[in-house]
Structure formats: C-alpha cells, structure tokens
Amino acid sequence: MFEKEQQVIEEKIQAYCVENDIPLVELKWQPIPFSGEWGISTSFFATAAAEAKAGKSKGLPVPARAQEMAEAARQFIGVAPGISHGEAVKGYLNLYFSTAEYARRVVDTILADGPRFGAGHPKHERVMVEYAQPNTHHSFHIGHYRNTILGESLARIVQFAGFETIRASYPGDLGLGVITVLWAYEKFYKGQEPTDIHERGQWLLKIYAEATNLLSEKENETSAEKAQRETYDGERREMYRKWDAGDPAVRQLWLETRAWSLEELRDILMLMDVQIDVWFYESEVDEPSKKIVDELIARGIASDERPAGPVIVKIDEKLGLAKEKYRVAVILRSDGTSLYLTKDLALARDKFEKFQANRSVYVVDNRQSLHFQQAFKILELWGFKQAEKCFHLAYGFVSLPEGAMSARRGRVVLFKEVYDEAIQRVLTVIAEKNPTMAAGERVGVAQKIGMGALAYSMLSVDNNKDMVFDINDALSFDGHTGPYIQNAVVRANSILRKSKIGGQTAETLGPAHFDFSLTTHEIELIEQMSRFSGVVQQAANEYRPLLVAVYAYDLANTFHSFYHAVPVLQTDDETIKMARLRLVASARQVLTNALNLLAISAPDVM
RNA sequence: GCUCCCGUAGCUCAAUGGAUAGAGCAGCAGCCUUCUAAGCUGUUGGUUGUGGGUUCGAAUCCCGCCGGGGGCGCCA
C-alpha cells in the first residue's frame, strides 16, 4: 500500500550499495513481525553472503556483516518520507512508519474504496475455474461441498485480484453409474417421483445403492441368485447400448432423471451463493472427443488395438522416459465408446478455443492426479500449446470417521443434511445467547452463521490435506471458526449503529486525525488492514484460499482484542472518538471483504 | 515394482529459506451494573517421524529410512 515510499528507500539502499561496492542481492520487504509495531523490514544476509562469496568480505562472519550493512544503510537513508525512525537489529533493517499519517491514509482509503478495497488492478488475463463436478443421478455430499466451496472461493479471489474469471461446472452425466440408476428406476420404480427437490435427488442415490447391491457378486451365492444377477447385468448393458445408440425412450428417461439431479444441484449452489457461468456436460463432449482420438491415431500418437484391445497412448514411451511415470493411458474402449480421459481432451480444447481462456484451473480431488497428468501430457503430445496453461488444483478427499464415503454402499454424509443440522444448532445457540432477537430474523441469521461455520471449516485447512469430516468440528461456533469472524463484524456493527451523530455515519464524516498516542491494538489493526491487498494477490497467485482464511481470522482476532481493550463510544475526546469510529468502520469493511472471498457473509446481528 | 500426497503441542491445524515454530480445541486461573461473553486476559503443553546433506541461516530445499493414505490399460 505504500509503494512510493518503499521505492524511495529502495533507491537509497541501492545507491548506498553502489557507493560501497556491495553486491546487493535482493530487497525483500516484509512487515515487522512483532505485534503492535508497524513498519517494514528487510534483511542483509543474502547480500552479505554474496559479498563473502565474491571474495570481497573483510573476514567478518555473515550475520555480523549483515548487521553492519543494516546499520550503515540506516544511517545512509537518514530521513525518509513517511518513516519516523529506523533501527538495525540482528542483520535486519527495520523502518517504522510515521503512525499518524499512515493511519489516516489507510483508514481513508478503506472507507473510500469500500467493497473494492484490496482489489487488484486488471491483469488482462482470463482464468477459467472448473469446480462443482458432482455426478448426476447421485446426491450432493460433503465431499462435493469441499470441492465447491474451494472452487468458489478461488474464483472469487482470482477475480478480486484482477483476473477476468469464468466459473465452470462439469457434472458427470454419463457412464455406467448413471445407467445403473436408469435401469433400476425403470425396472422397480417407474412412474414414482418425490416432489421435494432434495428428496428426489437423494432418492436417486438410494436407488443407486440398492441397484449396486443387486448387481454385486455375493459370497456363497446360490446358482439362482447368480443367474438373477447376470440377468440384471445383461439388462443394464442393454440399457447402456440403447443410450449410446440414441434410443429415444432411454434418452428421454435419462434427461428427465438428470434434470432432477441438476435441479437439486442448482438449489444447493444457490444456498452457497455460487453462480456458475458455463455448464459443461460429459455427454456434450462425447462425440468431439472421439474425433480427437481419430486424429491421435492418424498421427501415430495413439495405438489402435481394436478390436482385440482399446486405443491407448504409451505416454512414457512417447516421451522417451526410462522409468514409468505417466504410464499407458486408455483413451477409447475397444467397443469405441469414450472414457473420462477422452472427454477431458475435448473439454480442455473448448475451454481455450471457445471461451478464450488464458489459464485453466481444475479443482478436482488428488486421487485424480495421474488422470490429469496424463490428459495434459497427451494434449502436449498432440501439439496443443495451452496444455502448459492447464493446472490441476488437487485437494485431499473428505472421508468420515468410519472410513471413506461410498455412494455405492449409501455411506455418505449429504450436504443438505448437514446444512439443515447447522441451522438447527445455530437456532439453539441464538435462543440461548440472544433471546431478544426478533423471531422473523432468526432463520436468516442462522443460515449465514451455519454456512459460515461450514465454509470456514473447509477453507481453513490447506487444500492438499485429506480431511475427516466430523460434524461437531465443522459446526463449532467457538474459536478458530467462521462465526468468530462474523462476530467481529457484528460487534463493529453494534458500535457503529449506536454512534450516529446528527444523521452522519463514520463513513460519511470527513477524514479523522490520528495524531494522538495510538494503542498497540490500534496500530496492529491498521497494520493488518494495510496488508490485505498483498494477501489477495498471493492467494490468487498460489491458488490458496487458505491464506485469506488465515488472514480473516487474524484480523478478527485483533479486532476482538481491540474491542475489549479500547473504548470507542465511551471516549471523551471527540477527535479520538471520530478516529476510532472510522477505524471500526474500516475493520468492518476489510473483514467483510475478506469473508466475501471465502463465500461467507456476516449477519448484522447474531 | 513404479508413482503422488501427508507426518509440527494430548487432539485438529498454521508457519514453504529468515528474527522468539504460532492458533483453536481440551486442561487450569481470572474477566459481564461498562460499545454483543459466539468474546477477552493469563497459563500448561515442542528434539517439527528419523538419519544425513546443501546454506550465513532449514519445519520449509536435496538424498536415504520409518509410519499413514492415494493412484497405476478399457470406472469416473
């Protein structure tokens, strides 16, 4: 936020080094990492080490020489604009800001920029983020939720950082699993249909689990049971064949039941405040993907082993690798039908060519790492330049305390169940903690808090870590949680609500003066808020919503401490009161902006 | 066999080459006639799985080993 001042100082340090024949390596600035102190610092270790290597050192150990340089640089810089004083400590040069001036500038900027505070400059680059890829004919479970909240948060962060952003969903509407549901529905449940959107979606999952059970080989099964099972399987295969041949009745049934799943999905996305820009369906890239296979065969990249075997790409061999790494990938079944991998080839191309993406991020769990490595390598072999702009953002999969989730066995935790439970639990807490809250307001508040708790529990764990979903942890409202951060916003609100002065609010009152003795709580608050845009950029560059989640918590923590220790409305001095009111309004704004990047909104009261 | 991910306080997790490895939960001791106690303050708790290496400096990078999980020719 203070680029100009920083640049002036950098130039001075560079001048100092030139004058003294010091090979300056880098100037990496970081905030002074001590709470309640405000400024920037840089170390001289790298430069001192470089000097020693170049044989220019005077025989001093690196740390001592770094300290010497820091001290000399401090003296050389002397008086710099915006800097109150400097100090050289343990090889670091610490420069402290002129508090009053910066405090005012930070607060004024936040209140002027409002919801845009922290946003990056336009990057003139378009990023497509693909997430929310549940299979149809199943129901949306808590693993899909991790995927979706991660993708949505990433999309918001990338967009806020200044990239043009396209949100893409890719439901799996094809394959044996889907056909299994169609078969069982037609055979056992035809004509039935629950009316509620969620009941209907969940019912399909139940049918799937039942059907899988009927079709699985049992231990000690009798010959009659075996015959029964094989008959069923034959019927299912026949259903698949009909689908592939475009049989109107089967296609009609497929579209109808698919719509049930998609309606449920859209309803959940609405609850999550997710708006998808582009819907891809596996069924739509099915045909185009087969054409790519033909081309790969024609160009000798793929080997066609039909009819005895499938169409394969021997990736390691093509790359001339000695050890097996990308293996052999099957890109077309021997019967000519496409696979998941086949379709991803066509989809990748469409993303860049039809939607003019410059980068393509796939938010998919880490069990599919090999799949994407293969897909990207095949694209590369095919000569598709943008293959290098494809990035698989892998995240650890979600399991349950009793083991992995399994749709087949019906052992899943559905998102909707957790959502309903969340609201019930929050309503209980409201009844206990805020009994005066208006009845009509409670459900809306409960939704925000419940969703905040859930979202934060997912986003506050780094994406590459596997996670065991425990509903009690996920719906905790104390400590390191979403509601803790929401509560900071609510407390700020409460102060501001009571602060109205002649119809004016803290935002509309003019600039406040901070030239009084600030407490460490105030300094820390201002320091953290000034770092927000840097956090956004880093999170966008590294595709890591976690960084924003951590930031939001730290800021809320600082605000809670401030709230407890520093009086605002009870301050007698009007100047200080104004300044603090604007500080509170700023904190509320930055917290709100950060929460928004996590797809969390704070209620007005809680 | 090959390959990917993980291992940090009793538990769940931060810190990804820099200053004193930090939070939450659990435990202990305090704080509501004072802007919302879903909060605040204090405190207990660490040989960062292990052995080497690189570096002025390693939880972080490299190699080996141990432990856990995932993936590997016609599932998605």
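Given the structure is predicted, the values throughout are model-derived calculations rather than measurements. So that the names make sense, note that chain A is the first sequence line, chain B the second, and so on, each numbered from 1.
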Whole-Å gap separating [atom2] ([N]) and [atom1] ([X]):
X: A/Asp365; N: B/G71; atom1: CG; atom2: P; value: 9 Å
X: A/Arg531; N: B/A15; atom1: CZ; atom2: C1'; value: 13 Å
X: A/His521; N: B/G39; atom1: NE2; atom2: P; value: 16 Å
X: A/Ile430; N: B/A37; atom1: CD1; atom2: C1'; value: 16 Å
X: A/Arg333; N: B/C74; atom1: CZ; atom2: P; value: 10 Å

Counting the atoms with a prime plus P, OP1 and OP2 as sugar-phosphate, which does [X] contact under 4.0 Å by heavy atoms, base, sugar-phosphate, or nothing?
X: A/Tyr484; value: sugar-phosphate
X: A/Ile449; value: base
X: A/Ala46; value: base
X: A/Asn94; value: base
X: A/Val566; value: base
X: A/Asn464; value: sugar-phosphate
X: A/Leu370; value: sugar-phosphate
X: A/Gly309; value: base
X: A/Val550; value: sugar-phosphate
X: A/Gln133; value: nothing
X: A/Asn135; value: sugar-phosphate
X: A/Asn493; value: nothing
X: A/Arg306; value: nothing

Under 3.5 Å donor-acceptor pair, A/Ser460 side-chain atoms to B/C13 base atoms: no
Check: B/A19 base within 3.5 Å donor-acceptor of A/Ser41 side chain: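 Pair found.
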Phosphate contact (B/G1 OP1 or OP2) by A/Arg327 side-chain N/O below 4.0 Å: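 For B/G1, neither OP1 nor OP2 has a side-chain N or O of A/Arg327 closer than 4.0 Å.
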Euclidean distance for P, B/U48 against B/C65 (whole angstrom): 22 Å
Output one line per pair: protein atom, nucleotide atom from nucleotides 21-23 of chain B, and distance, for all N/O pairs under 3.5 Å.
residue: B/A23; atom: O2'; partner: A/Tyr553; partner atom: OH; Å: 3.4

Heavy-atom neighbours of A/Asp572 CG exceed 12 at 6.0 Å: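 No, not enclosed.
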Nearest-nucleotide comparison on RNA chain B, the residue closer to the 5′ end among A/Asp173 and A/Pro483: A/Pro483
Along RNA chain B (nearest heavy atom to each residue), the more 5'-positioned of A/Pro63 and A/Asp604: A/Asp604
Residue pair A/Asp233, A/Arg236: steps toward the salt bridge (Lys or Arg N to Asp or Glu O under 4.0 Å) verdict: CA-CA 5 Å; A/Asp233 194 44; A/Arg236 176 170 67 162; 2.9 Å; yes
Distance flag, aromatic centroids of A/Phe562 and A/His521, threshold under 6.0 Å: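 No.
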